[in-house]
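Input: a single structure, listed below in C-alpha cells.
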Amino acid sequence: MVSVVMMICHDNFKFLHTEKYLFSVGPMLFLPGGLLQEREKRAKWNGIPTLLQKLYESSHPNSDLSHAHNFLKVLSSHLSMEAMSFVTEDMKTAQESTFPNTYTFDLFGGVDLLVEILMRPTLTMQKKKPKMNDDLVKDCLSVLYNCCICTEGVTKSLAARDDFVLFLFTLMTNKKTFLQTATLIEDILGVKKEMIHLEGIPNLSGLVQSFDQQQLANFCRILSVTISEPDVGNDDKHTLLAKNAQQKRNASPSRAEVNQVTLLNIPGFIERLCKLATRKVSEATGANFLQELEDWYTWLDNALVLDALMQMATEDAEQSSTESSDESSLATSPLRHRLPQSMKIVHEIMYKVEVLYVLCVLLMGRQRNQVHKMLAEFRLIPGLNNLFDKLIWRKYTASNHVVHGQNENCDCSPEISFKIQFLRLLQSFSDHHENKYLLLNSQELNELSAISMKANIPEVEALVNTDRSLVCDGKKGLLTRLLAVMKREPPDSSFRFWQARAVESFLRGATSYADQMFLLKRGLLEHILFCIIDSGCTSRDVLQSYFDLLGELMKFNIDAFKRFNKYVNTPEKFQTFLTQINSSLVDSNMLVRCIVLSLDRFESQTEDVKVVEVLSECCLLSYMARVENRLSFLFRLINIINVQTLTQENVSCLNTSLVILMLARRKAKLPFYLNALREKEYAEKYPGCLLNNFHNLLRFWQRHYLNKDKDSTCLENSSCIPFSYWKETVSVLLGSDRTSLCAIASYIDEPFMDLDRDLLED
C-alpha cells in the first residue's frame with residue numbers, strides 16, 4: 001500500500017485523493033526516490049516534490065538557512081514564469097492545467113512550508129528571536145504571492161489564518177521586505193471573509209509613523225480594503241428596505257467605521273496624507289528614484305512592459321538628469337529623453353490615487369466634520385489647485401469605458417483613476433459642507449460678495465465665516481479650473497459624469513443665488529444645455545448628472561430660466577429637451593422637481609416685473625404651468641417605483657411626487673390631484689393599483705425619513721419646504737378617515753383596497 005512506503009515527517013497533515021493515489025499533503029510529503037521518479041515522469045511535476053523535500057530537510061530550526069534559500073530560488077524560478085504569464089495574459093482564471101508548477105507546489109505542501117518558515121522566529125521560546133535573512137523573507141513572500149494569483153484557493157486559505165495575517169504586518173517594519181509584504185497583504189485582505197480589525201495590529205500607530213512617504217502611499221492600498229464598506233454585489237441588497245433592515249440588525253458601528261476612527265487617532269496621519277496628495281513630482285523624486293521604481297513595478301498590471309521601460313530608463317538616466325522638472329515640457333521632448341520623467345509622473349500618480357481614495361472614504365464617514373477640519377487646516381484644496389494644470393489635468397485622457405459604480409476601483413489607467421478619485425474627492429468635500437468655499441480664491445470670494453450686494457440679499461453665513469488663509473492661491477480657484485476643463489471635455493467622455501457631480505455638490509444644500517450666478521456667468525447653463533440637446537450624448541449616467549446639475553443651477557433663479565429660454569429658442573430644441581427628460585424620469589426627476597418648485601415660487605412674485613416677463617415667455621415654465629403636464633409627471637413618478645424596488649437612486653422619484661402634491665395641498669387642490677390618480681387607474685383598467693402602491697410608498701417614507709436627521713435636513717434645504725410640512729402632508733395622505741378628501745383611502749373603492757397588507761416587512 002502507498003501509505004506503507006510513505007515517510008510522514010510532520011504531525012499535522014491532511015489527505016486528499018488525486019487520480020488513483022492517496023497522498024499525504026502537509027508542510028512536506030516524502031516518497032521513496034524510485035516511486036517519486038516514476039510518478040514524476042507520468043505527472044510532469046518538473047522536480048518540484050524533490051525540491052520541496054530538500055527545502056524541508058534544510059530548513060529545520062537552528063539550521064543554516066542558506067541551503068534552504070538556494071532550493072527556494074530554484075523553486076521560485078519554476079513558479080515565477082507562470083505568475084508572469086498570468087499577469088501578462090489578461091489575468092486568466094487560475095486553473096490546475098494552466099499553472100501546473102504552482103498547483104504542484106501547493107499540492108505537496110509548499111505553501112504551508114513557507115508560512116512555517118516565515119513564522120518560525122515568532123514561535124521560538126528563546127529570549128533573543130533569531131533573525132531571518134531579508135532576501136529569504138522576500139523570496140518566501142514572492143513565491144506565496146505567485147501561488148495566490150495562480151492557484152485557486154491559496155489566497156483564501158492564507159486569509160483564514162488570522163495569526164499569519166497579523167504576522168505579515170510586523171514584516172512591514174523592514175523596508176527591504178515592505179513592498180513584497182504589502183502586495184501579499186493586499187491580495188489576502190481582498191478575499192478575507194471578515195474585515196480585519198486595524199486596532200488588532202501590534203503597535204499600528206508606531207508602524208504607520210515609521211513609514212516613509214513611499215511606504216505610506218503603498219500602505220493606503222491596504223487601508224482602502226479595511227475602511228470601505230464591503231460591496232454586497234446584489235441589487236436586492238441595495239434596496240432601501242434591505243438597508244434599513246440591516247441597520248436595525250447592526251445598530252453598532254461597522255468594522256469599517258471602527259477602522260476609520262483607529263486611523264484618525266494616529267498622530268500626524270491625515271497631515272502626511274495631505275502632503276502626499278499635494279506634493280509636486282519634482283519633490284517626490286531623489287537619487288534613489290530608479291530603485292524605488294524597480295520595487296514599484298510590482299503594482300503594475302504588466303510587469304514585462306515596465307521591465308522594458310526600466311531598462312530604457314537606466315540607459316537614459318544620465319541624459320535625463322539635466323531635464324527640466326516642469327511637467328509641461330514633456331510634450332515637446334523626444335520619447336527616449338522624457339521617459340524617466342514620464343515614469344516619475346506615473347509613479348507619483350499611482351501614489352496619489354491611493355491617497356485620494358482613502359481621504360475620500362474618510363470624508364464620507366461618520367467622522368466627516370473632524371476630517372474636514374483637518375483637510376482644511378493642512379491646505380489640501382489649495383495644494384490640489386496648484387497641481388491641477390501640471391499634473392491632474394495636464395493632458396486629455398480618453399475615458400469612454402469608465403464605470404460609475406459606488407466603488408470606483410476599476411481597471412483603468414493610472415491617469416483615469418487619478419482624475420476620477422480627484423473628482424470624487426471634490427464631490428465629497430463640497431457636498432453639504434460650508435468648507436466648499438475653500439475651492440475658490442480670494443478674488444472669487446469677493447465676487448460672490450459683490451453678487452449678493454448687487455442683488456440686495458445677505459451673504460451666506462458659510463461664505464462670511466470662510467478662513468481666507470485656507471482658500472486657493474493663484475488666478476483661479478479649483479472650481480473655476482474644473483469648469484474650464486469640463487467645457488473642453490469631448491461629448492462621449494465619461495469624465496463628464498464625475499465633473500458634473502463635483503460641480504453639483506458645490507450647489508447642493510440651501511440654495512444660494514450668489515453661487516448660482518457665479519457659475520451662470522461662466523457659461524455653465526449653456527454648456528449643460530448643449531450637452532443635453534445638441535451634443536448627441538446618449539449615456540444615461542452622464543445625462544442624469546447633467547439633469548441634476550441643471551436643477552441645482554436653475555432652482556428659484558429667474559435669471560437662469562431667462563438664459564434657458566434664450567438657448568432653447570426653437571420648438572425643435574424644446575422638444576428634444578423634453579424627449580431627453582421623458583426618456584428616463586428616474587434620471588431627470590430632480591430637474592422636474594426644480595421646475596415645479598421654481599414655478600410655485602415665481603407665481604407668488606407677480607409684483608416683480610422681470611418675473612412676470614419670464615413667466616410669460618419661458619417655454620419651460622409655461623409647459624409646467626399646465627396642470628395636465630404636472631399630472632402626467634405625477635402618474636409616471638408613482639408608477640415606476642414600489643417599496644421593494646426603492647433604492648438610493650430612485651427614492652427621489654417618491655420625493656418629487658410628494659413635492660407636487662405638497663404644492664397642490666398649499667393651494668387646496670390635493671383632492672383634485674388624488675381624484676385624477678383614481679380616474680387614471682380606471683382609464684388604464686387597473687383600479688386601485690396606483691393608489692395602493694402610493695399608499696405603501698408613503699408608509700415606507702414615514703419609517704425611512706422620520707429616523708434620519710440628515711435625510712430630513714436635505715429634503716428641507718433642497719425644497720425650501722419645512723420638514724414639518726412634509727410629515728404633515730404624508731400623515732394627511734395616509735389618513736384612515738374615508739370621508740377625508742385628502743386621504744388616499746377615500747379614492748380606492750372597497751373591492752380594490754389593499755392597504756392592510758404589511759409589505760414593509762417582506
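Note that the structure is predicted; figures quoted are calculated from it, not measured. The first residue of the sequence shown is numbered 1, and numbering continues consecutively from there. All heavy atoms count here, side chains included; hydrogens, waters and symmetry mates do not.
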### Message
Quick check on the 6.0 Å ring-centre criterion: do Phe211 and Phe178 meet it?
### Response
yes

### Query
Looking at Glu116 and Arg120, does any basic side-chain N land under 4.0 Å from a carboxylate oxygen?
yes

### Query
Between Thr226 and Leu198, what is the shortest heavy-atom contact and its length?
OG1-CD1, 3.6 Å

### Query
Taking only residues two or more places apart in sequence, or in another chain, which ones meet His433 in a ring pair (Phe, Tyr, Trp, His ring centres under 6.0 Å)?
His372

#### Entry: Flag side-chain contact, heavy atom, 4.5 Å: Leu380 against Leu425
yes

### Task
Just do the side-chain contact (heavy atoms from CB on, under 4.5 Å) check on Glu186 and Leu189 with the steps written out, would you?
CA-CA 5 Å; Glu186 183 191 359; Leu189 294 186; over 6 Å; no

### Query
Taking C-beta and beyond as the side chain, do Glu229 and Met195 meet within less than 4.5 Å on heavy atoms?
no

### Task
Would you please test Leu118 and Phe164 for side-chain contact (heavy atoms from CB on, under 4.5 Å) and show each step?
CA-CA 9 Å; Leu118 281 171; Phe164 180 63; 4.3 Å; yes

### Query
Hey, does Val143 have a side-chain heavy atom less than 4.5 Å from the side chain of Phe105?
yes

## Note on the structure
Nearest heavy-atom contact between Cys148 and Leu158 is SG-CD1, 3.7 Å

### Short side-chain to backbone donor-acceptor contact, Thr102 and Cys150, under 3.5 Å
no

### Query
In Å and rounded to the nearest 0.5 Å, what is the CZ to CG distance from Phe418 to Leu391?
4.5 Å

### Task
Report the distance from atom CZ of Phe71 to atom OG1 of Thr50, rounding to the nearest 0.5 Å.
10.5 Å

### Message
What I want to find out is whether Lys176 reaches Asp135 closely enough, with some N-O distance under 4.0 Å, to be called a salt bridge.
### Response
no

### Task
Working to the nearest 0.5 Å, report the span between CE of Met364 and CG of Leu362.
9.0 Å

### Query
About how many Å separate OG1 of Thr104 and CD1 of Ile48, when rounded to the nearest 0.5 Å?
5.0 Å

### Main-chain N/O of Asn133 paired to Lys138 side chain as donor or acceptor, under 3.5 Å
no

### Query
Are a donor atom and an acceptor atom from the side chains of Gln213 and Arg272 found within less than 3.5 Å of each other?
yes

### Query
Given Asp139, which of Lys73, Gln180, His69 fulfils the side-chain hydrogen bond (donor to acceptor under 3.5 Å, both in side chains) condition?
His69

### Task
Would you check if the side chain of Ser76 reaches a backbone N or O of Leu72 as a donor-acceptor pair within less than 3.5 Å?
no

### Query
Between Ile270 and Met374, what is the shortest heavy-atom contact and its length?
CG1-CE, 3.7 Å

### Message
Treating Glu257 as the side-chain partner and Ser254 as the backbone partner, does any N or O pair qualify as donor plus acceptor under 3.5 Å?
### Response
yes

### Task
Mark yes or no for whether Asp431, through its side chain, and Gln427, through its backbone, hold a donor-acceptor pair below 3.5 Å.
no

### Task
State plainly whether the residues Glu348 and Lys280 are in salt-bridge range, i.e. N to O under 4.0 Å.
no

### Query
For residues Ser228 and Tyr357, is any side-chain donor paired with an opposing acceptor at under 3.5 Å?
yes

### Task
Apply side-chain contact (heavy atoms from CB on, under 4.5 Å) to the pair Arg221 and Tyr351, showing each step before the final yes or no.
CA-CA 9 Å; Arg221 291 182 68 99; Tyr351 282 167; over 6 Å; no

#### Entry: Test item: Ser417 side-chain N/O and Pro414 main-chain N/O as donor-acceptor pair under 3.5 Å
no

#### Entry: Close side-chain approach of Leu223 and Glu354, heavy atoms under 4.5 Å
no

#### Entry: Student check: side-chain heavy atoms of Leu141 and Val137 closer than 4.5 Å
yes

### Nearest-0.5 Å distance that lies between atom CG in Asp106 and atom OG1 in Thr151
6.0 Å

### Query
Of Ile196, Ile222, Leu168, which meets side chain to side chain contact (heavy atoms under 4.5 Å, CB included) against Ile188?
Leu168

### Summary
On a heavy-atom basis, the closest approach of Ser59 and Leu113 is OG-CD1, 4.3 Å

#### Entry: Which atom of Ala277 lies closest to which atom of Leu384, heavy atoms considered
O-CD2, 3.7 Å

### Query
Is the closest side-chain heavy-atom distance between Gln215 and Lys175 below 4.5 Å?
yes

### Thr262 (side chain) donor-acceptor with Val258 (main chain) under 3.5 angstrom
yes

### Task
Could you tell me the separation between the OG atom of Ser210 and the CG atom of Asn203, rounded to the nearest 0.5 Å?
8.5 Å

#### Entry: Contact summary for Asn101 and Leu79, nearest pair of heavy atoms
O-CD1, 4.1 Å

### Task
Compare all side-chain heavy atoms of Leu264 with those of Gln370 and state whether any distance is below 4.5 angstrom.
yes

### Query
Could you walk me through whether Val165 and Ile185 pass the side-chain contact (heavy atoms from CB on, under 4.5 Å) check?
CA-CA 7 Å; Val165 175; Ile185 292 176; 5.6 Å; no

#### Entry: Under 3.5 Å: donor-acceptor pair, side chain of Arg368, backbone of Ser428
yes

### Message
Just to verify, what does Glu377 make a salt bridge (charged side-chain N to carboxylate O under 4.0 Å, His left out) with, not counting sequence neighbours?
### Response
none

### Task
Determine, for Asp162 against Lys192, whether the closest basic-nitrogen to carboxylate-oxygen distance falls under 4.0 angstrom.
yes

### Query
Can you tell if the side chain of Lys352 reaches within under 4.5 Å of the side chain of Arg279, non-hydrogen atoms only?
yes

